Student: 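Right, I'll just put the structure down here and ask away after.
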Amino acid sequence: MPINKDKLELREKSVSNKPDFVRPESWRYVRLQTNWRKPKGVDNHQRKQKSRGRPGIVKVGYGSPKIARGLHPSGYTDNLIFNTSDIEKFNPKTDGLRIGHSVGTKKRKEIIVKAIEKKFKVFNARVSASGSKS
């Protein structure tokens, strides 16, 4: 059962009311991806928001609730760490850990061993405590 379940439910509820933000004209051309790009043309219909039937445009009011921001889908907060001393700053009951991309395998093993003994949730472990790569 995830922690912060009420906050995650609140986020899901707000996400369900948001439109699907798609790149302008992405439905027209196969070469354009659907990921969001702001329409910047002078006469762009989607930017003007004058005509009905156009997809929604990203605006400030569509943001997620403040209390639910920064939460991992598991309910823990997502925190980036780079060494073993960073672990001391966090609480294992509320905070989850994500090991930095630039951390090598040797130091990554040390971090994972320390995180496991302090009962932290590590989102991107990639290496087991015993040493075999996975």
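Remember, predicted model here, so these are calculated numbers, not experimental data.
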Student: Name each donor-acceptor pair under 3.5 Å that joins a side chain in residues 56-64 to protein atoms two or more places apart or in another chain, with its distance.
Tutor:
none

Student: Once you round to the nearest 0.5 Å, how far does CG of Asp95 lie from OG1 of Thr77?
Tutor: 3.5 Å
Student: Going by atom type alone, with no hydrogens or angles, which donor-acceptor pairs under 3.5 Å involve a side-chain atom of residues 80-94 and a protein atom two or more places apart or on another chain?
Tutor:
| unit_1 | atom_1 | unit_2 | atom_2 | d |
| --- | --- | --- | --- | --- |
| Asn83 | OD1 | Ser85 | N | 3.3 |
| Asn83 | OD1 | Ser85 | OG | 2.7 |
| Asn83 | OD1 | Asp86 | N | 3.1 |
| Asp86 | OD1 | Lys89 | NZ | 3.4 |
| Asp86 | OD2 | Phe82 | N | 3.0 |
| Glu88 | OE1 | Lys118 | NZ | 3.2 |
| Glu88 | OE2 | Lys114 | NZ | 3.0 |
| Glu88 | OE2 | Lys118 | NZ | 3.4 |
| Asn91 | OD1 | Lys93 | N | 3.2 |

Student: Out of curiosity, does Tyr76 fall in the hydrophobic cluster containing Leu8 (side-chain heavy atoms, cut-off under 4.5 Å, transitive links)?
Tutor: no
Student: Looking only at non-hydrogen atoms, find the nearest pair between Ile112 and Ala125 and report the distance.
Tutor: CD1-O, 3.3 Å
Student: Linking I/L/V/M/F/W/Y whenever any side-chain heavy atoms sit under 4.5 Å apart, do Leu97 and Ile116 land together?
Tutor: yes
Student: Atom CD of residue position Glu12 - does it have more than 12 heavy atoms of other residues, nucleotides or ligands inside 6.0 Å?
Tutor: no
Student: Can you tell me how far apart CG (Asn44) and CD (Gln49) are? Round to the nearest 0.5 Å.
Tutor: 9.5 Å
Student: Determine whether Arg11 and Asn4 make a side-chain contact, defined as any pair of heavy atoms from C-beta on separated by less than 4.5 Å.
Tutor: no
Student: Indicate yes or no: at least one non-hydrogen side-chain atom of Leu32 is less than 4.5 angstrom from one of Val30.
Tutor: no
Student: Output a table of donor-acceptor pairs, distance under 3.5 Å, between side-chain atoms of residues 34-42 and any protein atom two or more places apart or on a different chain; print 'none' if there are none.
Tutor:
none

Student: Look at atom CG of Asp20 and say whether more than 12 heavy atoms of other residues, nucleotides or ligands are closer to it than 6.0 Å.
Tutor: no
Student: Within the distance-only criterion (no hydrogens, no angle test), does the side chain of Arg31 pair as donor or acceptor with the backbone N or O of Ser26 below 3.5 angstrom?
Tutor: no
Student: Taking Glu110 first and then Lys107, would you say they form a salt bridge - that is, a charged N and a carboxylate O separated by under 4.0 Å?
Tutor: no
Student: Between Arg98 and Asn79, is any pair of side-chain heavy atoms under 4.5 Å apart?
Tutor: no
Student: Is there a side-chain contact between Asp78 and Leu71, using heavy atoms and a 4.5 Å cut-off?
Tutor: no
